[in-house]
2 protein chains.
Amino acid sequence: MSTVGFRQHDHAHCVHTALAQAEAKCKAKRLQFTPVRRRVLEILLEKHKAMGAYDILAVLAAEGMGSQPPVVYRALDFLVQHGFVHRIEQLNAYAACAHPTHDHVPAFLICRSCKAVAETETELTQGRLGVAANTSGFQIERVVVEAEGLCPECIGTQA
Amino acid sequence: MSTVGFRQHDHAHCVHTALAQAEAKCKAKRLQFTPVRRRVLEILLEKHKAMGAYDILAVLAAEGMGSQPPVVYRALDFLVQHGFVHRIEQLNAYAACAHPTHDHVPAFLICRSCKAVAETETELTQGRLGVAANTSGFQIERVVVEAEGLCPECIGTQA
DNA sequence: CCTCGAGTGATATGTTATTACATTTCTTGG
DNA sequence: CCAAGAAATGTAATAACATATCACTCGAGG
Ligand SMILES: [Zn+2]
Ligand SMILES: [Zn+2]
Ligand SMILES: [Zn+2]
Ligand SMILES: [Zn+2]
């Protein structure tokens, strides 16, 4: 599993590992890793890209695990809450966390051409934003950092 | 007009000034600063906070300037495109730019309690995100930076 | 066995955004 | 000025994303 997601990797292995890690973490924290929650995470890990809630729901529905929006939104809420999945605000979409082993502030590189999403990390109060927060007395709790542009594959195929 | 929006300022003056600046910039760049576009910007400047597209549309509709969604979305697209307004991804909302005189990468401090939004600036490729982009060959074109937390007014009134 | 709370199933609804096409207005070269 | 093309607008319909609510199930703890 690479830091930025534009390289090859052993995909079947990373799916399996991430699921096992999630299961272990839920056990440790007494969280219910129910079939729907597990399957939603698995779908996101398998696809290995950002998916809309209704895309995930379509997969669930085809498997008879619930066909109504609340099913998937509840599962996503749980997974996001506990750091297994991140929401990509720019895309109204969700992606499995690439660094599930530790707490972190995620940041994303999003290709505007092929929609590939790579996750990296950043600081909660970096650069001028932290300065502005300190100056004004604003208390930062969460930061969304999402860069849009062209991934290595798509540079050259574009204007 | 303050850098971060949690302080007092001469509001009527800042609305007027910003509108005049926008008009001048459009003239210089041969852009059509049409009545709808002007009024949408004015509404955002007057409210001086983030507004949803449909909130703006309701104001327009009450004034007979168009009652269908595309009216306001087209105006917002124009204003965002040319830097007069920014979209706040976390809120699916729009706010007039606080620094319309120069090009910049906006960053926002968003109070989760009172929904106040303050705009500051940042760099296109700051910190680890820039490093990750360079390492992987990703070409950043736009960055969304939005911090959520508590503004000075709301700290203390919360848990 | 009973109760409570988390999770799920199901219906309905709310909110945000886009597509499509007809029409009007503006701009510009002749 | 005038015609042709570009830009903007009017309008209807629909797509995409998200939440409210209530009934039901099931397992843990008393
Ligand atoms: Zn992550
Ligand atoms: Zn790409
Ligand atoms: Zn700005
Ligand atoms: Zn506040």
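Every chain is numbered from 1, with letters handed out A, B, ... down the list of sequences.
- Classification of A/E148 and B/R142 as a salt-bridged pair holds, one side-chain N sitting under 4.0 Å from a carboxylate O.
- Nearest-nucleotide positions on DNA chain D for B/V36 and A/G52 put B/V36 closer to the 5' end.
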Protein-nucleic acid N or O pairs under 3.5 Å, nucleotides 28-30 of chain C:
none

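- Here the side chain of A/E146 pairs no donor or acceptor atom with the backbone of B/V143 at under 3.5 angstrom.
- Contacts of A/Y94 with the nucleic acid, taken as non-hydrogen atoms under 4.0 Å apart, involve only primed sugar atoms and P, OP1 or OP2.
- An angle of 30°, rounded to 10°, separates the two end axes of the helix from C/dC1-D/dG30 to C/dG30-D/dC1, each defined over five pairs.
- Contact record, B/A50 with B/V117: CB-CG2, 4.0 Å, taken as the closest heavy-atom pair.
- Rounded to whole angstrom, the span from the NZ atom of B/K29 across to the P atom of D/dA7 amounts to 16 Å.
- For A/S67 and C/dA10, the shortest distance from a side-chain N or O to OP1 or OP2 is not below 4.0 Å.
- Between the CG atom of B/L76 and the P atom of C/dT16 there is a distance of 13 Å, given to the nearest Å.
- To the nearest angstrom, C1' of D/dA6 lies 14 Å from CG of B/L31.
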Nucleotide N/O to protein N/O under 3.5 Å, stretch nucleotides 18-27 of chain C:
none

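- Here the P atom of nucleotide D/dC17 and the CG atom of B/N92 are 11 Å apart, to the nearest Å.
- Remark: side-chain polar atoms of B/H16 are not paired, donor with acceptor, to backbone N or O of B/A12 under 3.5 angstrom.
- Rounded to an integer number of Å, the gap from A/E89 CD to C/dT16 P is 14 Å.
- Legend: residues meeting side chain to side chain contact (heavy atoms under 4.5 Å, CB included) with B/S113, ordered by chain and number and at least two apart, are B/C111, B/L150, B/C154, B/Q158.
- Distance alone, capped at 3.5 Å, places no donor-acceptor pair between the A/E121 side chain and the A/H104 backbone.
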Result block: side-chain N/O donor-acceptor pairs under 3.5 angstrom for residues 35-42 of chain B, not counting sequence neighbours:
unit_1: B/R37; atom_1: NH1; unit_2: B/Q32; atom_2: O; d: 2.8
unit_1: B/R38; atom_1: NH1; unit_2: B/E23; atom_2: OE1; d: 2.8
unit_1: B/R39; atom_1: NE; unit_2: B/E63; atom_2: OE1; d: 2.9
unit_1: B/R39; atom_1: NE; unit_2: B/E63; atom_2: OE2; d: 3.3
unit_1: B/R39; atom_1: NH1; unit_2: B/E42; atom_2: OE1; d: 3.1
unit_1: B/R39; atom_1: NH2; unit_2: B/E63; atom_2: OE2; d: 2.7

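- Between the side chain of B/N134 and the backbone N or O of B/V131, no donor-acceptor pair lies under 3.5 Å.
- The side chain to side chain contact (heavy atoms under 4.5 Å, CB included) test applied to B/V80 returns B/V85, B/Y94, not counting sequence neighbours.
- When side chains are defined from C-beta on, B/R87 counts as touching B/N92, because their heavy atoms get closer than 4.5 Å.
- Regarding B/L57, its CG atom lies at a distance of 12 Å from the P atom of D/dG10, rounded to whole Å.
- A donor-acceptor pair under 3.5 Å links the side-chain atoms of A/H11 to the main chain of A/L45, judged by distance alone.
- Atom CE in A/M65 sits roughly 17 Å away from atom C1' in C/dA10 (whole-Å rounding).
- Separating the CD atom of A/Q90 from the P atom of C/dA17 is a distance of 13 Å, rounded to the nearest angstrom.
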